[in-house]
Structures are given as C-alpha cells and as structure tokens.
There are 2 protein chains.
Amino acid sequence: MTKRSVRTIADIARLAGVSKSTVSRALNDSPLIGEETKAKIRSLAREHNFQINAPARRLSMRQSRTIAFVTHAYHKDFSVADLFGLEIMGGISSGLASREYDLLVIHVDPNDTKWAHQYYETGRVDGFILMTSTRKQAHVKALLELGAPFITWGIPQPKQKYCSVTGDNVTGGRLAAEHLISLDRQRLGFIGGPSYELEVQHRLAGYEEALNEAGREIDQALIEHGDFSNTSGAEAMKRLLKKAPQVDAVFVNSDLMAIAAMDAIREEGRHVPGDVAVIGYDDLSIAAHSNPPLTTIRQNIPLAGKVLAQNLIEYLQTGMVTNVSIPVELILRKSA
Amino acid sequence: MTKRSVRTIADIARLAGVSKSTVSRALNDSPLIGEETKAKIRSLAREHNFQINAPARRLSMRQSRTIAFVTHAYHKDFSVADLFGLEIMGGISSGLASREYDLLVIHVDPNDTKWAHQYYETGRVDGFILMTSTRKQAHVKALLELGAPFITWGIPQPKQKYCSVTGDNVTGGRLAAEHLISLDRQRLGFIGGPSYELEVQHRLAGYEEALNEAGREIDQALIEHGDFSNTSGAEAMKRLLKKAPQVDAVFVNSDLMAIAAMDAIREEGRHVPGDVAVIGYDDLSIAAHSNPPLTTIRQNIPLAGKVLAQNLIEYLQTGMVTNVSIPVELILRKSA
DNA sequence: GCCATCTTTGCAACCGATTGCATGAAATTA
DNA sequence: TAATTTCATGCAATCGGTTGCAAAGATGGC
C-alpha cells in the first residue's frame with residue numbers, strides 16, 4: 001500500500017553509491033562488475049523489491065520479449081482448433097515464461113491484412129506462433145513478406161523455409177490402423193479433416209501403409225472427410241454408415257469429431273465398440289470423459305507447446321530454422 | 001521485403017519539414033496542430049506505412065495499454081473454468097482491441113506470490129482480469145494490497161470494493177426451476193458447484209424462490225455439490241440417484257457437469273429427458289452438440305468478455321468502480 | 001498603426017533503461 | 001621503480017516517443 005520510493009535503477013544507484021550503469025550491469029550479471037558490488041546491489045534490489053521497468057528496457061534493447069499467439073475469433077460452431085489451441089497455450093506459456101518471454105494473444109479477423117505490421121513493426125512482439133486455421137497459408141505469406149519471425153504448428157508448405165512443430169502424423173495413422181487390425185476388425189473406415197491438409201494426408205498415408213502391410217485392400221468408399229468440427233464428424237460418420245453399413249471400425253482424425261461420430265453411431269442403433277470400434281486423435285482432456293472413454297492417438301500437447309516456444313526463441317536468437325515432429329502414442333480406453 | 005527507411009516520427013518530421021513534436025501531435029490528433037499540417041503528416045505516414053514504436057510510447061506515457069488475463073496451469077481434469085475461459089477470452093480480446101489495448105495471458109502458479117509485482121510494477125500491464133479459480137480470493141487480496149487495478153468475473157466479496165462483472169445468477173436459478181416446474185416435473189434436484197461460491201449460492205437462492213412461489217417444498221436431500229469439473233458432475237448425479245431415485249429433473253450448475261450427469265443417468269439405465277430432465281448452465285458451444293442437445297441457461301459470454309474489458313479500462317481512466325450483472329436467458333433444446 | 005490575442009509550431013527536457021568508451025586504481029612485469 | 005596490463009566503474013549518448021513552455025506569425029479591435 002505504501003508508495004514505493006525505489007522504482008528505478010537510478011534510485012538503487014543512489015542508495016548503493018554507484019552509477020546507473022553499474023546497477024544495470026550488476027542486475028544483468030555482467031562480468032564487468034566486481035563480486036562485492038554485485039552482491040550489494042542485488043541485496044539492495046531484493047530488499048526494496050525492485051522491479052525493472054519493462055518498456056524502458058524494451059526500448060533500449062529494441063526487443064519486446066513478447067510472442068504473439070495468433071488465433072481467430074470464435075464462431076458458432078465448435079472446432080478442434082479451439083480446444084486444442086487452449087490446451088497448447090498452457091505449454092507455450094510455460095515454455096515462454098521459463099525464458100522470460102510474455103505471451104500476447106491476438107484474435108485476427110480473417111479479412112484483416114495489416115495485423116502483422118501492427119504487431120511486429122510497432123515493436124510490440126518479436127515473433128508469432130501460428131496454429132492451424134483456415135487462413136494459415138495467408139498468414140504465413142504475410143509474415144514471410146514482412147520478414148517477421150514465426151513458427152507454425154503443422155507441416156510446412158513444401159519449398160518454404162520457416163520453423164515448425166508438428167505431430168508425427170504418419171506414425172499416428174499407422175498406430176491407429178495397426179490397433180484396429182489387431183482387434184480383428186475387418187472393414188476399417190477413415191474419417192479425416194480436410195483432404196487438402198498435409199496433416200490429414202500424412203495420417204491417411206500411415207494408415208494405408210499399415211493396411212497394405214497387413215495385406216488389406218484400400219477401399220476408397222470407406223474414406224470420408226470433414227472439416228474438424230464436431231458436426232462434420234457426425235455427418236461424415238452417417239455418410240459412411242449409409243455407404244458401407246458393414247464398417248466395423250473407424251479412425252477419426254480428431255477427438256471432437258470422434259465423439260460426435262460415436263453419438264452418430266448410437267443414433268443408428270449400433271454399439272461402440274461392440275459393432276463399431278472408434279479411435280480418435282489428439283487426446284484432448286475430454287477424451288477420457290466421453291462415453292465410452294475414447295481410445296485415441298495422443299499428441300503430447302504440453303510438450304508441443306513448450307517446443308513451439310523454445311524453437312521460436314531459438315530462431316530469434318540464432319536464426320536457426322527447425323522443423324521438428326513430436327512423437328505420438330496410442331492411448332487405450334474403451335472405444336476401441 | 002525492402003527494409004523500411006521511415007521508422008520513427010523523426011523520419012516523418014524530416015520528410016514533412018516539421019519537428020518531431022508536431023508529428024507526434026498530428027498523429028495523436030491534437031487540436032494544437034493546423035488542419036493542413038495534420039493532413040500532410042497523416043498522408044505521409046500512410047504512404048510510408050508508418051507504425052509507431054510501442055515501447056517508446058509506453059515508456060513516455062508510463063502506461064502499457066496491456067491487460068493481463070490471469071489463469072492457472074491446466075490440469076489433468078477438465079473444469080468448466082477452462083472452456084468458459086476460452087470463450088470469454090474472445091470477447092475480452094475484441095473489447096480490448098477496440099480500445100487499442102493488448103491482451104496478455106499469464107498462467108499463475110498457485111504457490112507463486114510475486115506474480116502481481118512482476119507484471120504490474122514492471123509496467124508490463126496496466127491491469128488484470130481475474131476469472132473464477134480456486135485461488136481467486138488470494139489473487140484479489142494480492143492485487144488489493146498492491147493497489148493494482150483489476151476486474152473479476154463473479155460476485156465480489158462483501159465489503160470489498162473492486163470492479164466486477166457477473167451473470168445474473170439469481171435469475172438463472174429461477175429460470176431453470178420455473179422451466180422444470182412448467183414441465184410438470186415433481187422431484188427437482190440441484191447439482192451445484194462448490195457451496196462456498198457466491199455464484200452457486202445465488203443460483204440456489206433463485207431456484208428455491210421459484211420453488212417456494214410454486215408452493216413446492218425444498219428437500220435438502222435433493223441438493224448436491226461438485227467442484228465444476230465434469231467428473232464431479234457425474235459423481236454428484238450418481239449420489240443423487242442413489243439417495244433419491246424418484247428424482248425426475250435436475251438443474252446442474254454448468255454445462256460440462258450437466259453433460260457428464262446425463263451420461264451418469266444413462267449408465268443407470270434411465271433416459272434423458274424421459275425419466276430425468278436435465279438443464280445446464282453457461283451455454284458453452286458444446287452444449288448444442290451434446291447428446292441429447294442440452295437445455296441450458298445461457299450466459300452471454302461474448303458480451304461478458306466485452307464488458308469486462310470495457311469496465312476495466314473505464315476504471316483505469318476514471319477510477320469508477322462498477323459492479324454489473326449480465327442478463328441470462330433460457331435456451332430450450334432437447335434435454336429438458 | 002499599435003497592441004493584445006489567438007493559432008500554430010519548435011525547443012528541449014523527460015520517461016528508464018543499455019552500452020561504447022574513457023578513466024583511475026590495482027596488479028603484474030621487466 | 002617505471003611501464004604495462006587488468007579490473008572495476010562512471011560518463012554520456014541513445015532507444016523513440018510525449019509534453020510544458022516559449023516564440024513566431026496571423027488576426028483583430030480601437
């Protein structure tokens with residue numbers, strides 16, 4: 001409650017009987033400063049609960065130590081990106097915090113073309129994290145043109161050079177297929193996100209590889225696509241059940257779609273997993289609480305967030321472009 | 001791609017043949033500057049795509065125009081606060097953006113006591129937005145002691161003076177009860193969040209008022225509490241069904257709990273809404289997609305977010321403490 | 001035609017840090 | 001003992017804005 005009188009390094013300097021520069025160097029642990037002086041200054045700072053002024057430091061160092069998490073306005077329909085984004089934000093935040101970076105969240109209007117300038121060239125943020133979204137390619141293009149540092153969740157476009165982190169989608173698809181095969185299911189269905197998404201293509205590729213290796217035929221009629229929203233999951237499932245009623249297992253590209261698909265299956269009077277085994281993707285927190293609890297391919301979301309943060313900072317500091325993929329694992333529950 | 005050469009107001013000043021101060025005033029639309037000069041400077045700024053330097057401005061004005069959204073690390077179990085928080089963040093973000101404020105998201109470790117200093121006294125943020133969380137009272141105390149501006153979602157503690165926005169919980173409880181009564185249900189149950197939460201008490205109060213007015217008895221055996229997590233919703237429902245098997249309707253304090261409660265009801269071999277009608281709270285996006293689609297009390301979440309943002313900024317500028325409540329409405333779907 | 005007033009602009013200090021360079025004292029070497 | 005390094009510190013410029021005050025020119029009243 002008492003107004004603090006020691007607010008700036010100049011105040012500390014006065015108390016310690018040294019100059020501003022010495023205080024600044026001491027607090028930044030510069031080797032130029034003698035140990036006793038450092039110790040005195042530090043204890044003074046601690047004693048008076050000194051907090052350095054961030055805007056001044058940012059102006060002086062010409063960097064904001066702030067990263068923008070780019071997302072879009074939420075819409076009526078619920079899509080995997082939202083919940084997934086929420087969970088990954090926790091990992092990003094902790095990764096950033098451990099390097100003393102702040103996390104700014106910006107909701108970008110799809111038609112806005114100037115957002116990147118407004119955040120980057122004003123010095124408000126040093127870099128961006130892009131999640132999956134319908135406008136991602138446009139955003140990537142804007143940032144590349146601007147020369148602004150960024151990292152994306154998801155597979156980079158071929159021939160473009162920028163940082164990315166993604167799950168190991170091929171292995172994910174393979175694990176799902178292998179598990180369903182090991183359950184002795186005969187007619188396996190695939191419900192994917194949009195077919196133009198590289199993630200989806202990779203998952204399908206892994207899935208088909210595993211089928212081939214097991215000597216199974218690929219039946220195009222058993223492949224459906226949605227847009228990652230839960231409604232689209234239910235609809236794709238219904239189409240699949242109509243086209244191919246004998247389907248007895250399905251690999252769905254997201255937990256949210258999978259949960260909706262299970263509802264659709266029940267609505268048709270069939271049982272999960274008795275009649276149709278269902279396997280999801282992501283292992284969102286809700287997967288453990290669905291009915292029945294969802295067997296799924298876990299993406300290690302907190303880890304993914306942490307790596308996104310770390311690799312972006314790495315890039316800021318060294319210019320090193322990294323493209324890493326995070327391992328996935330099969331989580332066995334009740335639905336398959 | 002080309003390095004921009006016009007980066008500072010000094011550059012603009014040179015081009016326009018005026019001084020830095022004039023440019024600064026012109027861009028801030030100061031009445032001190034002549035119209036033609038203003039026009040010339042503005043067109044110059046537009047032409048060169050000038051973006052003002054935020055850290056410098058913040059240092060000079062001694063305010064960051066940034067608000068912190070305080071949340072906690074996500075945990076294994078999924079709680080309403082998370083999804084609710086996600087949805088409200090969209091509203092907050094748009095409210096802040098329209099006043100040219102930035103949104104910083106900070107995940108506070110429950111044992112951390114210095115977070116507020118680290119953000120407020122460093123000048124990184126001008127104020128805080130607190131959502132419901134187990135540590136909320138501790139956070140409120142910390143911020144009050146620090147004299148830092150903040151606003152909370154939820155009912156303020158009696159006798160404490162700070163800004164808040166909350167849903168109209170009494171009316172919410174009343175609407176739920178009136179609807180269940182109008183359905184001719186006889187044995188109404190109540191599953192609340194933690195009983196020490198004022199929100200929960202108000203919802204219960206509204207609910208009981210409506211029962212009383214309808215000439216119904218309040219049966220304490222039909223009242224259960226959880227902690228807003230989905231698991232707790234399922235457990236409370238099971239306890240309720242065991243204690244009072246004749247229950248034919250239940251008002252659950254959150255959508256997430258309600259959805260879990262519906263699963264619990266089905267597990268006991270009973271039907272929703274045939275045997276037991278269920279009504280939720282919040283109208284999260286998932287409510288429309290549950291099985292069956294959930295009848296619920298809608299909190300206008302985007303509006304709530306916008307008002308949180310606006311009232312906090314209002315407080316920063318005028319010191320006016322506001323405590324507002326946002327109207328709620330009944331959303332009819334299939335579960336009741 | 002002179003003085004007071006109003007409008008528009010510039011000067012220079014300031015916000016609170018960081019950092020290149022100069023300097024003085026202490027330690028080392030010859 | 002004198003010359004040379006090394007170590008620790010301070011001076012002052014700088015980052016890019018905002019703003020109080022002075023001043024110059026335009027306008028108007030009498």
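A note on names: the letters A, B, ... follow the listed sequences, proteins ahead of strands, and every chain is numbered from 1.
The shortest distance between the side-chain N/O atoms of A:Asn28 and the OP1/OP2 oxygens of C:dT18 is below 4.0 Å. Of the side-chain N and O atoms in A:Ser60, none sit less than 4.0 angstrom from OP1 or OP2 of D:dT14. Contact annotation: B:Arg25 does not reach the phosphate of D:dT19 (side-chain N/O to OP1 or OP2, under 4.0 Å).
At a cut-off of 3.5 angstrom, the base of D:dG17 holds at least one donor-acceptor pair with the side chain of B:Lys20.
Side-chain proximity of A:Arg57 to D:dT19, C:dT18, D:dG10: nearest is C:dT18. Nearest to the side chain of A:Ser21, among C:dT9, D:dC11, D:dT9, sits D:dC11. With distances taken from any side-chain atom of A:Thr22 to the nucleotides C:dG16, D:dT9, C:dG10, the minimum falls on D:dT9. Distance from the side chain of B:Ser24 is smallest for D:dT18 among the nucleotides C:dG16, C:dT19, D:dT18.
Using a 4.0 Å heavy-atom criterion, one finds that A:Thr8 contacts the sugar-phosphate atoms exclusively.
Donor-acceptor pairing under 3.5 Å is lacking for the side chains of B:Ser24 and B:Ser21.
In this structure, B:Tyr162 and B:Phe150 have tilted ring planes: the angle between them lies in the 30° to 60° band.
Comparing B:Ala10 and A:Val18 against DNA chain D, the residue whose closest nucleotide sits nearer the 5' end is A:Val18.
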Item to complete: Output, in order, the C-alpha distance, side-chain angles, deciding distance and verdict of side-chain contact (heavy atoms from CB on, under 4.5 Å) for A:Ile9 and A:Phe50.
Response: CA-CA 8 Å; A:Ile9 57 170; A:Phe50 171 75; 3.7 Å; yes

